[in-house]
Amino acid sequence: EKYRVIGLIVVAAAMLSSCNESIPAGYVGMVKTPDGIQEKVLMPGHHSCYGRDEMLLVETLESTETIKLSILCKDELDFKFDVKVRSMLVYSDAKDLKDILNSQGSKMSDGKLSYKTLYSIYVEPVVDAVSMSVVSKYTTMQISENRDKISKAIFEQVNIKLKNTPMVVTDINLSNFDYPDVVTKAMEAKKKREI
């Protein structure tokens with residue numbers, strides 16, 4: 001009887017010290033033990049971790065963010081527009097994911113490294129800088145007729161600059177073109193002449 005009680009206590013203690021963690025869809029996980037992050041990527045579902053182990057989650061979904069820009073063009077006029085950026089986290093193996101957690105782990109919140117965090121570290125500043133460099137080569141009047149060319153150039157250059165990061169851009173769209181009044185009036189005058 002005494003041994004049975006001791007056995008039950010041992011089993012109860014073991015059960016209390018283990019945890020059943022759930023990894024939601026759109027995330028992958030890695031277990032961090034007192035020895036460090038383990039070399040195994042855990043997919044969405046239920047996983048066990050024990051004692052002082054901690055489940056670290058990294059958001060992997062593909063998402064679209066909008067960056068509002070105002071860029072000084074070749075004709076010294078400010079041109080405002082939105083860049084819609086679709087991007088996602090990419091990693092090839094457990095070592096890659098572990099490197100991401102080791103370099104950006106301090107930016108985790110409640111054991112989660114969010115897409116938004118990775119996006120603001122890697123993608124947003126690059127899209128900003130590349131958009132500025134591409135668009136500033138045009139006059140405001142040239143922008144609408146070169147829209148596809150500009151989008152393509154931004155997309156290609158952004159992905160080149162993101163090459164050694166854990167993020168990739170899958171699509172870029174330019175929208176909400178807001179021309180300076182002087183350009184809008186000139187466009188209207190041109191249309192009237194054509195009519």
Side-chain angles (χ1 to χ4, degrees), residues 16-72 81-137 150-175:
L16 287 172
S17 68
S18 74
C19 63
N20 191 17
E21 287 279 345
S22 177
I23 298 175
Y27 286 85
V28 291
M30 291 189 105
V31 174
K32 183 181 179 186
T33 68
D35 298 330
I37 299 168
Q38 300 306 293
E39 295 274 344
K40 186 177 181 195
V41 178
L42 303 170
M43 293 298 141
H46 292 285
H47 301 276
S48 295
C49 52
Y50 303 94
R52 294 180 297 163
D53 294 358
E54 183 188 354
M55 184 69 75
L56 305 177
L57 300 176
V58 181
E59 198 169 9
T60 57
L61 56 83
E62 188 175 14
S63 190
T64 302
E65 300 296 324
T66 301
I67 303 172
K68 295 191 171 300
L69 293 174
S70 177
I71 293 174
L72 190 66
F81 64 102
D82 293 349
V83 183
K84 290 194 183 307
V85 185
R86 191 159 182 78
S87 62
M88 63 189 284
L89 170 81
V90 283
Y91 65 94
S92 54
D93 53 22
K95 185 195 172 302
D96 261 11
L97 195 60
K98 187 176 170 180
D99 288 347
I100 295 163
L101 283 167
N102 282 328
S103 68
Q104 301 305 335
S106 64
K107 296 175 183 77
M108 290 183 102
S109 171
D110 298 324
K112 290 179 183 170
L113 186 55
S114 73
Y115 160 83
K116 280 247 200 233
T117 301
L118 293 169
Y119 165 82
S120 65
I121 293 167
Y122 296 106
V123 181
E124 192 171 15
V126 170
V127 172
D128 246 335
V130 168
S131 299
M132 203 164 289
S133 125
V134 170
V135 174
S136 64
K137 292 185 178 107
I150 292 168
S151 285
K152 189 173 185 272
I154 293 171
F155 177 78
E156 286 170 358
Q157 289 179 40
V158 163
N159 273 316
I160 288 167
K161 291 200 181 304
L162 289 176
K163 214 167 193 83
N164 294 316
T165 75
M167 297 294 282
V168 67
V169 165
T170 56
D171 191 37
I172 278 184
N173 280 304
L174 308 182
S175 65

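Heavy-atom basis, side chains included; hydrogens, waters and symmetry copies ignored.
Note on residues 166-175: pairs passing side chain to side chain donor-acceptor pair (under 3.5 Å), not counting sequence neighbours, are E62-T170, D171-N173.
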N/O donor-acceptor pairs under 3.5 Å from side chains in residues 121-133, not counting sequence neighbours:
unit_1: Y122; atom_1: OH; unit_2: Q104; atom_2: NE2; d: 3.0
unit_1: S131; atom_1: OG; unit_2: V127; atom_2: O; d: 2.7

Check your understanding: Step by step, would you call T33 with Q38 a side-chain hydrogen bond (donor to acceptor under 3.5 Å, both in side chains)?
Key -> CA-CA 7 Å; T33 68; Q38 300 306 293; 2.9 Å; yes
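Judged by distance alone, the side chains of Y115 and S87 do bring a donor and an acceptor atom under 3.5 Å apart.
Within the model, atoms CE of M167 and CG of L118 stand 5.5 Å from one another, a figure rounded to the nearest 0.5 Å. Here M55 contributes atom CE and K32 contributes atom NZ; the two are 14.0 Å apart, rounded to the nearest 0.5 Å. Rounding to the nearest 0.5 angstrom, the gap separating the CG atom in L113 from the CG atom in L57 is 10.0 Å. Rounding to the nearest 0.5 Å gives a distance of 10.5 Å between CE of M30 and CD1 of I23. How far OH of Y119 is from CG of L89: 15.0 Å, rounded to the nearest 0.5 Å.
Surrounding NZ of K107 are more than 12 heavy atoms belonging to other residues, nucleotides or ligands, all under 6.0 Å away. Enclosure of atom NZ in K98 by more than 12 non-hydrogen atoms of other residues, nucleotides or ligands within 6.0 angstrom is indicated.
Under a 4.0 Å N-O distance rule, the pair K116/E59 does not qualify as a salt bridge.
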